[in-house]
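Labels below follow one simple rule: chain letters A, B, ... track the order of the sequence lines, proteins then strands, and each chain is numbered from 1.
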2 protein chains.
Amino acid sequence: MTTPAAPRQPRSGCPISIALELLGDAWSLLIVRDLMFKGRRTYNDFLAGGEGIASNVLASRLRKLEGANIIEKRSDPRDARRYIYRLSPKGIDLAPVLVDLVIWSARHVQTDAPPAVVRSMREDRERFLADVRRRWRTSA
Amino acid sequence: MTTPAAPRQPRSGCPISIALELLGDAWSLLIVRDLMFKGRRTYNDFLAGGEGIASNVLASRLRKLEGANIIEKRSDPRDARRYIYRLSPKGIDLAPVLVDLVIWSARHVQTDAPPAVVRSMREDRERFLADVRRRWRTSA
DNA sequence: CCGGATCCGTTTCGATACTG
DNA sequence: CAGTATCGAAACGGATCCGG
């Protein structure tokens, strides 16, 4: 007799567990990175500039991130058929995580990250984060 | 006509992209967390204490993490049938990422993280990280 | 018991074609 | 431009089995 498909039990209240429920996949944090560091903000930006995400998967991740209030979507005032995605306050607060991920990668796997940027992240972390946040705030 | 299955193209050299190739799934960072913070270190520890990972998936993740030199495996000197997993230097260097994830979760989603611990992570981050590393080093 | 491997139904992914 | 629709391939989750 076959089991009637139990739909993945909910996770514990452990903070990391909950965070990974939102971000624990191959693409979500890449979209956040695109928004935070690469100046990408439209569907086609992500599609072309990401590392080859499929369009259906992209749409699904954007929905999920928006549903979790990590990103916000609104239509471009200058072009009605275009939407602009933007990090929410909750989304920009992921900056420390991404910065640490860059530092870790630079140390342990070879990357194409400019050493000067990585050094600035590591040696002047608070200032780097403040800059990220300021750029985000002023680009409203 | 059907496409003959192109096997997932490699990713760019962007550090976050590369990191997520190793860690961008629902379980890998949970195993790292178990090792770093929860004192779990055997297969059955993860199986029972994790949030319900299936045994085949767990075995697959452990292989992947070991292959990436993030964890190390050796047999328990006191019980020949048991293996002990441990974070490598590369693995313990993920501590900042996990700490930031905890801080982010505590701020933006409700968790069961003890507020005192979170405050210590946030307000005395360097010291907290040094403690994590020291505990890891001395528990060799 | 411990650390997996195997089998199998279900779900998700990836690639591409198509649409408003 | 911003997504759906479709479909085969791969991964997952659960249960069970197995060598030491």
Ordered by number, residues from residues 29-45 of chain B within less than 4.0 Å of DNA chain C (heavy atoms) are B/Thr42, B/Tyr43, B/Asn44
For A/Lys64, all residues meeting salt bridge (charged side-chain N to carboxylate O under 4.0 Å, His left out), sequence neighbours excluded | A/Asp25
Residues 85-98 of chain A, side-chain donor-acceptor partners within the protein, below 3.5 Å, at least two apart:
unit_1  : atom_1 : unit_2   : atom_2 : d
A/Arg86 : NH2    : A/Trp136 : O      : 2.9
A/Ser88 : OG     : A/Asn69  : O      : 2.6
A/Ser88 : OG     : A/Ile70  : O      : 3.0
A/Ser88 : OG     : A/Lys90  : N      : 3.2
A/Ser88 : OG     : A/Gly91  : N      : 3.0
A/Lys90 : NZ     : A/Ala68  : O      : 2.8
A/Asp93 : OD1    : A/Arg133 : NH1    : 3.4
A/Asp93 : OD1    : A/Arg133 : NH2    : 2.6
A/Asp93 : OD2    : B/His108 : NE2    : 2.6

Please give, in whole Å, the distance from D/dA10 C1' to B/Lys64 NZ?
-> 13 Å
Which angle, rounded to 10°, do you find between the first-five-pair axis and the last-five-pair axis of the helix from C/dC1-D/dG20 to C/dG20-D/dC1?
-> 30°
Under 4.5 Å between side-chain heavy atoms, chaining through other members, with only Ile, Leu, Val, Met, Phe, Trp and Tyr counted: pull out the rest of the cluster around B/Ile18, sorted by chain and number.
-> A/Val109
Taking CD1 from B/Ile53 and P from C/dG4, how many angstroms apart are they, rounded to a whole number?
-> 13 Å
State, with a plain yes or no, whether a side-chain heavy atom of B/Ser55 is found less than 4.5 Å away from one of B/Tyr43.
-> yes
Would you state whether a donor and an acceptor, one from the side chain of A/Ser60 and one from the base of C/dT12, lie under 3.5 Å apart?
-> no
Short side-chain N/O contact from B/Arg82 to OP1 or OP2 of D/dG20, under 4.0 Å = no
Integer-rounded Å distance: C/dC2 P and B/Leu58 CG = 14 Å
Please work out which residues in residues 71-81 of chain A have a non-hydrogen atom less than 4.0 Å from an atom of DNA chain C and list them by number.
-> none
side-chain contact (heavy atoms from CB on, under 4.5 Å) with B/Phe37: which of B/Val117, B/Val32, B/Val132?
-> B/Val132
Closest to side chain of B/Trp27, choosing from D/dA5, C/dA5, D/dG13 = D/dG13
Roughly how far, to the nearest 0.5 Å, is the OG atom of B/Ser12 from the CG atom of A/Asp112?
-> 6.0 Å
Is a side-chain N or O of A/Ser105 found less than 3.5 angstrom from the main chain of A/Leu101, in a donor-acceptor match?
-> yes
At under 4.0 Å, does any side-chain N or O of B/Arg63 touch on OP1 or OP2 of C/dA5?
-> yes
Rounded to the Å, how far apart are B/Glu51 CD and D/dG13 P?
-> 12 Å
How close or far is atom P of C/dG4 from atom CZ of B/Phe46, stated in whole angstroms?
-> 10 Å
Does A/Arg82 use its side chain to pair, donor to acceptor, with the backbone of A/Thr42 at less than 3.5 Å?
-> no
Nearest of D/dG13, D/dT16, D/dG3 to any side-chain atom of B/Ser55?
-> D/dT16
Atom pair distance, as rounded to whole Å: CG in B/Leu47 and C1' in D/dG14 = 11 Å
Separation of atom CG in A/Asn56 from atom P in C/dA15, rounded to whole Å | 10 Å
Give a yes or no answer on whether the side chain of B/Arg61 reaches the backbone of B/Ile31 with a donor-acceptor pair at less than 3.5 Å.
-> no
Nearest-nucleotide check on DNA chain D, A/Ala59 vs B/Ala26; residue mapping nearer the 5' end is A/Ala59
Atom-pair distance (CD1 on B/Ile84; C1' on C/dG4), nearest Å = 17 Å
From CG (A/Leu65) to CD1 (A/Ile71), nearest 0.5 Å | 4.5 Å
Flag side-chain contact, heavy atom, 4.5 Å: B/Trp27 against A/Leu20 = no
